[in-house]
Each structure stands twice: as structure tokens, then as C-alpha cells.
Amino acid sequence: MQLTIKYFGPLTDITGCREERFEFEKGKTVSELLIALHGKYPELAEQKFKVAHNRELAEGNTRVTSTEIGLLPPFAGG
């Protein structure tokens, strides 16, 4: 299945884009997706961020069934 991966904040500097299409096998987990993305962008492995799946925060064991994934760095604020 083809995912739309959306990158936010400093993650756009690492990937060089705000959004991209990424081919990924349906039903695999978020952790497996991150391993694949780390293969493409090794610097992502050094970053802290949350994963949004179907517009909700997802854990590593969440099965990827949505075609839209967001990578969200921590937000600063006061």
C-alpha cells in the first residue's frame, strides 16, 4: 500500500520534504515502518518524535492500516 508520510518541524530538514509517498506492506507495525524509514533517512533514528496514525498518536505495535502517517517532533512552549 502507498502511504503518505508527513514530516513536521526539524524532520523536514532531515528528509528534505514535508510529505512523501512511501510504499509499505499493509498490516505491518509502526515499529516496522520506522525501521524502513530509518533505512532511508538514518538521521531519523537519532531524533525524538511521535507517530500519528489515522490522526491519532500510535504506539510501535500499532498495525499500519491508514494511508496517512505523521511524524511529530516534540513541541516547545510555555
Side-chain angles (χ1 to χ4, degrees):
M1 72 193 263
Q2 194 167 63
L3 305 177
T4 299
I5 310 286
K6 295 185 175 185
Y7 303 99
F8 295 91
L11 303 179
T12 60
D13 293 334
I14 293 171
T15 60
C17 63
R18 292 181 181 200
E19 178 178 313
E20 72 175 324
R21 302 272 184 197
F22 191 81
E23 193 65 35
F24 190 68
E25 188 175 329
K26 185 177 181 178
K28 286 193 168 189
T29 66
V30 166
S31 291
E32 292 170 311
L33 173 61
L34 292 177
I35 290 169
L37 289 173
H38 293 164
K40 186 172 182 180
Y41 305 109
E43 288 181 56
L44 277 182
E46 301 168 9
Q47 303 297 311
K48 291 187 183 270
F49 57 85
K50 300 281 186 182
V51 176
H53 172 265
N54 212 14
R55 299 187 180 211
E56 294 186 14
L57 294 180
E59 299 295 327
N61 62 355
T62 300
R63 298 273 173 208
V64 176
T65 57
S66 172
T67 58
E68 185 176 297
I69 301 291
L71 301 188
L72 312 167
F75 293 99

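Under the side chain to side chain contact (heavy atoms under 4.5 Å, CB included) criterion, Lys26 pairs with Met1, sequence neighbours left out. Evaluation of the side chain to side chain donor-acceptor pair (under 3.5 Å) rule for Thr29 yields Glu32 as partners, not counting sequence neighbours.
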Which pairs would a plain distance check flag for residues 66-75, meaning a side-chain donor or acceptor within less than 3.5 Å of a matching protein atom at least two apart in sequence or in another chain?
unit_1	atom_1	unit_2	atom_2	d
Ser66	OG	Glu68	N	3.2
Ser66	OG	Glu68	O	3.4
Glu68	OE2	Arg55	NE	3.4

Hey, can you pull the donor-acceptor pairs under 3.5 Å for the side chains in residues 3-14, sequence neighbours left out?
unit_1	atom_1	unit_2	atom_2	d
Thr4	OG1	Arg21	NH1	2.8
Tyr7	OH	Glu20	OE2	2.5
Thr12	OG1	Gly9	O	2.8

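Side-chain contact between His53 and Thr65 is present, with heavy atoms from C-beta onward closer than 4.5 Å. With a 4.5 Å cut-off on side-chain heavy atoms, Phe49 and Leu34 count as touching.
Among residues at least two apart or in separate chains, there is no salt bridge (charged side-chain N to carboxylate O under 4.0 Å, His left out) pair with a member in residues 41-51.
Atom OG1 of Thr15 sits about 7.0 Å away from atom CG of Leu44, to the nearest 0.5 Å.
By the 6.0 Å contact criterion, CD on Glu56 is open, its count of non-hydrogen atoms from other residues, nucleotides or ligands being 12 or less. Atom CD of Glu25 sits in a sparse spot, with 12 or fewer heavy atoms from other residues, nucleotides or ligands closer than 6.0 Å.
Follow the hydrophobic side-chain contacts under 4.5 Å out from Ile35 and you never reach Val30; the two are in separate clusters.
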